[in-house]
**Student:** 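Pasting a structure here, questions to come.
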Amino acid sequence: MRLLLLGGPKFLGRAVIDAALARGDEVTLFNRGETNADLYPDVERLHGDRDGGLARLRGREWDVVVDTSGYVPRVVGQSAKALADSVRRYVFVSSISVYASFGAPVTEESPRAVLEDPSTEVVEKSYGALKAACEDVVDHALPGRAIHVRAGLIVGPHDPTGRFTYWPHRVASGGDVLVPAPLDRPVQFVDARDLAGWMLVAAEAGESGAFNATGPATMRDVISACCAATGSDVRVVEVDETFLRAHEVGQWVELPLWIDSGDTEWRAMMEVDTSRAHAARLRFRPLVETVRGTLEDARPVEGAGLTPEREQQLLEAWHARG
Ligand SMILES: NC(=O)c1ccc[n+]([C@@H]2O[C@H](COP(=O)([O-])OP(=O)(O)OC[C@H]3O[C@@H](n4cnc5c(N)ncnc54)[C@H](OP(=O)(O)O)[C@@H]3O)[C@@H](O)[C@H]2O)c1
């Protein structure tokens, strides 16, 4: 398959390149040549800024384009229009953040967030609604030929966000580990390598439409896989949500994979229906492999996860409660 990646060897894009090369696909990268430019010297690269600088794509054809770096509909519209007649399938990496609410489990048919100001391009403030608008411009340019990959938390090697990464490194350092109770709470995430491989399979199979792309696990599975991969024999301290709330522990980033079940806007964020992607052959490697890959190739990130001091204080307060 001839593959164009709008993006490059950062995180998910890197997994796409690896998956495509492993399949024997012909790969072309389009990016500005700034991020990890020394990687993949043998892969064809076209340089340009996707905002206004797509001229290098003219006159070329690919079977599939995978767009990992689209955040703003005005910009995504440029590539969708430019490529409409030169690719068969446009795989747009979207996000489960497109949904208007996670008060209850979502399916692909659930309402999406809408931009209050359609001209906004402030990604930090309107990430989900912007991704939803990007999906629409891709559909408009390539009706019936777009795949919207609504990814959940993407994890694994080269993850720059540090969220899932917190857990393998935390378990590796041993001792008493604060874990949000109950251990059987559902959590969802997807290894970038599984997601990347599946996007190529789905595109080649001629799939179209939106797919929630994330995988099922529990907090217990995560801790067990971390223990298995590290050989660490931590003592798990299950701390309940009332205590976490009372001590103003931040869900999702300060305590990764914890979503407060009392939060009416977010509580079902890790109970997303993924049956459509599963039916289209999205599969997951054993969790222990994801943990190993994370330990080898992803570093903890400041601000993601409890600091050792904060965790210690919380554990002391938990043990001292009446
Ligand atoms: N992390 C998560 O948990 C999560 C969850 C759901 C969805 N997602 C989605 O997953 C994707 C993340 O993929 P990623 O980390 O590999 O990609 P990314 O950070 O969005 O894109 C990085 C790549 O795109 C290129 N790029 C950036 N701006 C460009 C521009 N103006 N023109 C041309 N190239 C440009 C960069 O290369 P140069 O710097 O060399 O140009 C770099 O190689 C995003 O779409 C994100 O929204 C992430």
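When reading the values below, keep in mind they use all heavy atoms of this one structure, side chains included, and skip hydrogens, waters and symmetry mates. Whatever order the structure lists them in is the order used to number ligands and atoms, beginning at 1.
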**Student:** Using a 4.0 angstrom limit on heavy atoms, which residues are close to ligand 1?
**Tutor:**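 Residues near ligand 1: G7, G8, P9, K10, F11, L12, G13, N31, R32, G33, E34, T35, G48, D49, R50, T68, S69, Y71, V93, S94, S95, Y127, K131, A151, G152, L153, I154, R163.
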
**Student:** When you measure from the side chain of R45 to the backbone N and O of Y40, does any donor-acceptor pair fall under 3.5 Å?
**Tutor:**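 Confirmed, R45 side chain pairs with Y40 backbone.
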
**Student:** So, D221 and S224: side-chain donor and acceptor under 3.5 Å apart, yes or no?
**Tutor:**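 No.
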
**Student:** Quick one: does D25's side chain have a donor or acceptor within less than 3.5 Å of a partner on M1's backbone?
**Tutor:**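 Present.
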
**Student:** Between V149 and W198, is there a side-chain heavy-atom distance shorter than 4.5 Å?
**Tutor:**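 A side-chain contact exists here, since the closest heavy-atom pair is under 4.5 Å.
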
**Student:** Taking R89 for the side chain and I147 for the main chain, is one N or O donor matched with an acceptor at less than 3.5 Å?
**Tutor:**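 Side chain of R89 to backbone of I147, a donor-acceptor pair under 3.5 Å: no, none is there.
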
**Student:** List for me each residue that meets ring pair (Phe, Tyr, Trp, His ring centres under 6.0 Å) alongside F30, sequence neighbours excluded, and say none if there are none.
**Tutor:**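 Testing F30 for ring pair (Phe, Tyr, Trp, His ring centres under 6.0 Å), a comparison that skips the adjacent residues, returns none.
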
